[in-house]
K.L.:
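Below is a structure I'd like to ask you about.
Keep in mind that what you see is a predicted model, and the values were worked out from it rather than measured. For the single chain, residues carry numbers from 1 onward in sequence order. Scope of the values below: all heavy atoms of this structure, side chains included, with no hydrogens, waters or symmetry mates.
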Amino acid sequence: MDIITNKVSAQEQALCQHHMISFLDPLVSNHTVVDFRNKAEPLIKDIFSRNKFPIVVGGTNYYIEALLWKVLVDTKKKISPAPRLTVDRKEELEKLDGQELYHRLSQVDPEMAAKLHPHDKRKVSRSLQVFEETGVPHSMFLKQQQQEEGGGPLGGPLKYPNSCILWLFADQSVLDKRLDQRVDAMLAAGLLEELRDFHRCYNQQKVAENCQDYQHGIFQSIGFKEFHEYLVTEGKCSPETSSVLLEKGIQALKQVTKKYARKQNKWVRNRFLQRPGHNVPPVYGLEVSDLSRWEENALKPALEIVESLLQGKKPPVDPMTMEPDINENKRSHHMCELCNRIIIGDREWAAHTKSKSHLKKRRKLESELCAAGSQETDGDSDGPKDMTEDKR
């Protein structure tokens with residue numbers, strides 16, 4: 001899946017040694033962030049042992065966070081020689097009813113259950129898996145990590161104290177346009193052919209058996225499920241319908257790509273820049289809106305920053321700073337009776353109370369209450385008039 005995953009080109013790979021590219025069978029659906037960390041850490045250690053320094057490129061900031069800080073719980077006893085045959089307890093749990101899962105977690109780990117949304121089956125299943133496979137509540141593992149020297153509210157200590165983060169960012173409108181162009185370039189490079197081949201080899205039979213799964217493994221990656229309708233109906237519908245479904249898939253891919261980019265930028269701000277505690281690597285921002293000034297705004301500053309840090313000197317530019325909100329509770333539990341929704345987190349709750357749907361329902365309720373109050377008042381005022389008329 002070279003195109004759909006935007007893999008670095010062979011020419012670029014030849015410039016320096018790359019690791020962990022094209023190493024996983026597409027049918028392995030239970031390769032987790034823990035597996036990624038367990039494979040990456042020995043490589044990092046080996047690179048350091050050769051007096052080199054590793055550059056982690058992403059991408060998925062959740063995985064980068066798992067490398068930098070001690071934040072994961074490893075429940076796997078050993079690596080199976082045949083990963084695809086390994087039964088993943090988390091996947092099994094996710095197939096069960098969400099309410100039942102949440103009830104189970106509430107029984108064995110009420111502290112963790114209070115921090116999770118009842119509908120978040122992935123996180124609920126993960127916490128249940130931790131308890132079932134270790135006998136220890138997930139919340140206790142996390143508390144132990146937080147209490148370690150250098151730990152904090154978001155997890156354990158920083159594992160590589162001399163690391164730094166280079167964050168390439170751009171104006172949102174420029175980034176959106178650039179991402180749309182990237183999708184167009186992927187299509188020109190043969191994305192549809194790659195998707196068709198992959199669908200025939202790995203997904204066609206699953207679709208026929210109505211057991212396709214777009215929640216695990218490569219199937220959950222951006223760019224595959226968006227073309228589901230097009231792939232399963234190609235050759236079975238009119239050219240006009242197929243063309244409409246293709247365009248629908250392209251627009252969906254562009255939309256979800258831009259949404260994911262916003263999510264990743266939000267992660268950098270909330271989990272890196274605003275991370276509470278002292279064990280946080282410096283984050284240096286490199287503005288890349290104008291690609292004609294790439295060397296001036298990105299390449300040259302990046303090299304100067306890294307070279308200064310390697311020499312034990314202060315870089316010529318200051319890292320970015322954002323003060324964390326020490327009063328914010330990211331796991332607070334809120335129940336909106338008006339919308340009949342559970343909201344987790346202070347920031348999410350504040351956003352919900354300002355949302356259009358919530359405000360619309362509140363205005364409707366206020367109107368109904370005003371109308372009801374007005375009717376009561378009218379009824380009270382009519383009473384004496386009727387009595388007066390009866391007396392007359």
Side-chain angles (χ1 to χ4, degrees), residues 32-38 40-41 44 54-74 112 115-117 120 122-124 126-127 130 138-139 141-170 172 175 220 222 256-288 302 305 318-334 343-352:
T32 67
V33 64
V34 175
D35 297 307
F36 167 81
R37 180 204 63 187
N38 292 347
E41 284 186 341
I44 292 173
I55 303 174
V56 180
V57 184
T60 307
N61 292 321
Y62 175 47
Y63 279 57
I64 294 175
E65 180 174 311
L67 284 180
L68 288 173
W69 288 276
K70 186 177 180 181
V71 292
L72 300 179
V73 178
D74 193 351
M112 198 68 198
K115 297 177 180 179
L116 299 178
H117 196 289
D120 194 340
R122 283 197 169 205
K123 290 183 179 179
V124 172
R126 173 57 180 162
S127 292
V130 170
H138 195 183
S139 59
F141 275 114
L142 300 182
K143 192 175 296 183
Q144 289 172 351
Q145 290 179 350
Q146 294 165 0
Q147 292 173 348
E148 289 185 38
E149 183 178 356
L154 296 182
L158 185 67
K159 291 184 288 186
Y160 304 101
N162 296 320
S163 53
C164 77
I165 297 172
L166 303 176
W167 179 30
L168 278 65
F169 66 94
Q172 192 62 57
L175 181 59
Q220 67 181 314
I222 293 175
V256 75
T257 300
K258 288 180 282 193
K259 183 179 179 180
Y260 185 67
R262 283 172 168 79
K263 179 181 178 181
Q264 293 299 75
N265 283 334
K266 183 180 178 182
W267 189 290
V268 172
R269 288 190 292 269
N270 294 343
R271 303 285 295 194
F272 294 166
L273 282 172
Q274 291 185 294
R275 195 181 190 91
H278 300 290
N279 284 331
V280 182
V283 179
Y284 295 94
L286 303 172
E287 219 281 343
V288 292
I305 291 167
D318 292 327
M320 303 177 74
T321 57
M322 286 183 71
E323 288 297 322
D325 185 350
I326 58 175
N327 297 316
E328 181 187 358
N329 186 344
K330 297 180 183 293
R331 292 297 187 182
S332 57
H333 190 283
H334 305 270
I343 310 295
I344 302 296
D346 290 349
R347 186 176 302 184
E348 287 72 14
W349 173 247
H352 173 74

K.L.:
Please report the closest heavy-atom contact between V34 and V73, naming both atoms and the distance.
P.N.:
CG2-O, 3.9 Å

K.L.:
Answer whether the closest heavy-atom distance between the side chains of V130 and M112 falls below 4.5 Å.
P.N.:
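Side chain of V130 against side chain of M112, heavy atoms only: no contact under 4.5 Å found.
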
K.L.:
For R126, what residues pass the salt bridge (charged side-chain N to carboxylate O under 4.0 Å, His left out) criterion, not counting sequence neighbours?
P.N.:
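Partners of R126 under the salt bridge (charged side-chain N to carboxylate O under 4.0 Å, His left out) test: none.
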
K.L.:
With sequence neighbours left out, what residues match F169 under ring pair (Phe, Tyr, Trp, His ring centres under 6.0 Å)?
P.N.:
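Applying ring pair (Phe, Tyr, Trp, His ring centres under 6.0 Å) to F169 gives W167.
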
K.L.:
Just to verify, what does H333 make a side-chain hydrogen bond (donor to acceptor under 3.5 Å, both in side chains) with, not counting sequence neighbours?
P.N.:
none

K.L.:
Kindly say whether G151 contributes a backbone atom to a donor-acceptor pair with the side chain of Q146 at under 3.5 angstrom?
P.N.:
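Flag not set: sc Q146 to bb G151 has no pair under 3.5 Å.
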
K.L.:
A261: what forms a side chain to side chain contact (heavy atoms under 4.5 Å, CB included) with it, not counting sequence neighbours?
P.N.:
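Residues passing side chain to side chain contact (heavy atoms under 4.5 Å, CB included) with A261: L175, L179.
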
K.L.:
Quick one: closest heavy-atom pair of L72 and A66, and the distance?
P.N.:
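For L72 and A66, the tightest heavy-atom pair comes out as CD1-CB, 3.5 Å.
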
K.L.:
Please enumerate all residues that pass side-chain hydrogen bond (donor to acceptor under 3.5 Å, both in side chains) together with K70, with sequence neighbours excluded.
P.N.:
E148

K.L.:
Flag the pair I165 / L68 as yes when at least one side-chain heavy-atom distance between them is below 4.5 Å, and no otherwise.
P.N.:
yes

K.L.:
Ignoring hydrogens and geometry, is there a side-chain-to-backbone donor-acceptor pair from S163 to P281 under 3.5 Å?
P.N.:
no

K.L.:
Using the test salt bridge (charged side-chain N to carboxylate O under 4.0 Å, His left out), find all partners of E41 that sit at least two apart in sequence or belong to another chain.
P.N.:
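Per chain and number, E41 pairs via salt bridge (charged side-chain N to carboxylate O under 4.0 Å, His left out) with K159.
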
K.L.:
Using 0.5 Å steps for rounding, measure from the CG atom of L273 to the CE atom of M320.
P.N.:
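Between atom CG of L273 and atom CE of M320 there are 5.5 Å.
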
K.L.:
Check whether any side-chain N or O of N61 sits under 3.5 Å from a backbone N or O of W267 as a donor-acceptor pair, and report yes or no.
P.N.:
no

K.L.:
Does R271 count as lying over the ring of W69, i.e. NZ or CZ under 6.0 Å from the six-ring centre, within 45 degrees of the axis?
P.N.:
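That pair does not qualify as a cation-pi contact.
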
K.L.:
Within this structure, what is the CD1-CZ distance for the pair I44 and R37, rounded to the nearest 0.5 Å?
P.N.:
11.5 Å

K.L.:
Quick one: list whatever passes ring pair (Phe, Tyr, Trp, His ring centres under 6.0 Å) with Y284, sequence neighbours left out.
P.N.:
none

K.L.:
Are H334 and D346 packed together at the side-chain level, in the sense that at least one heavy-atom pair is separated by less than 4.5 angstrom?
P.N.:
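Answer yes - side chains close enough.
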
K.L.:
Could you pull out all residues at least two apart from Y260 that satisfy ring pair (Phe, Tyr, Trp, His ring centres under 6.0 Å)?
P.N.:
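Per chain and number, Y260 pairs via ring pair (Phe, Tyr, Trp, His ring centres under 6.0 Å) with no residue.
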
K.L.:
Do any N or O atoms from the side chain of E65 and from the backbone of F272 form a donor-acceptor pair under 3.5 angstrom?
P.N.:
no

K.L.:
Write down the atom of R275, the atom of V71, and the distance for their closest heavy-atom approach.
P.N.:
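Result for this residue pair: NH2-CG1, 3.9 Å.
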
K.L.:
How would you list, by chain and number, every residue that makes a salt bridge (charged side-chain N to carboxylate O under 4.0 Å, His left out) with K143, sequence neighbours excluded?
P.N.:
E111

K.L.:
If I take atom CG from residue N38 and atom CG from residue D74, how far apart are they, to the nearest 0.5 angstrom?
P.N.:
5.0 Å

K.L.:
For the atom pair CZ (R347) and NZ (K266), what is the distance rounded to the nearest 0.5 Å?
P.N.:
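Spacing of CZ (R347) from NZ (K266) equals 7.0 Å.
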
K.L.:
Return the set of residues passing side chain to side chain contact (heavy atoms under 4.5 Å, CB included) with Y63 (not counting sequence neighbours), or none when no residue passes.
P.N.:
V33, F36, T60

K.L.:
Which residues pass the side-chain hydrogen bond (donor to acceptor under 3.5 Å, both in side chains) test with R262, not counting sequence neighbours?
P.N.:
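If we apply the side-chain hydrogen bond (donor to acceptor under 3.5 Å, both in side chains) test to R262, skipping adjacent residues, the hits are D176.
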
K.L.:
Apply side-chain hydrogen bond (donor to acceptor under 3.5 Å, both in side chains) to K123 and list each qualifying residue two or more places apart in sequence or on a separate chain.
P.N.:
none

